[in-house]
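Let me begin by presenting the structure, written as structure tokens, before commenting on it.
When reading the values below, keep in mind they use all heavy atoms of this one structure, side chains included, and skip hydrogens, waters and symmetry mates. Predicted model, so just to flag it, every value in this text is computed and none were measured.
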Amino acid sequence: MDEEPKTRKAYREAQKHSQSQASQRDKKRVQVERDYARQQRQQKRSKIQPNGQFDEVTYKRVTGLKKKLNWAIGIVVVLLVIVFLVLAFV
């Protein structure tokens, strides 16, 4: 229980040690993030074939979304026409 206070030298060494540990952790984290980003870029590139076309699963997904978007645009246009007609004749 009778701990002696740290000397300035011991305190500075402890601070330097904790800073070096934090620096090492940051370097490791940055390296892991770069590896992950590189891996994600490679996976995205693998979805697009060399001739610029998507693989089968991605193509089906894109085609389905295109159809839904076309329907949504059509519905919005029809509703706008209805609103215009109602406002024009009221």
If the condition is side chain to side chain donor-acceptor pair (under 3.5 Å), which residues does [X] pass it with, not counting sequence neighbours?
{"X": "Gln19", "answer": "none"}
{"X": "Glu33", "answer": "Arg29"}
{"X": "Asp35", "answer": "Gln31, Arg38"}

Atom [atom1] in [X], atom [atom2] in [Y]: separation rounded to 0.5 Å?
{"X": "Lys28", "Y": "Ser23", "atom1": "NZ", "atom2": "OG", "value": "14.0 Å"}
{"X": "Leu65", "Y": "Asn70", "atom1": "CG", "atom2": "CG", "value": "11.0 Å"}
{"X": "Leu85", "Y": "Leu80", "atom1": "CG", "atom2": "CG", "value": "11.0 Å"}

**Asked** Does a side chain donor of either His17 or Glu13 reach within less than 3.5 Å of an acceptor in the other side chain?
**Response**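 Side chains of His17 and Glu13: no pair found under 3.5 Å.
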Consider only side-chain heavy atoms of I, L, V, M, F, W and Y, link residues closer than 4.5 Å, and tell whether [X] and [Y] are in one cluster.
{"X": "Val77", "Y": "Leu69", "value": "yes"}
{"X": "Ile82", "Y": "Val90", "value": "yes"}
{"X": "Leu79", "Y": "Trp71", "value": "no"}

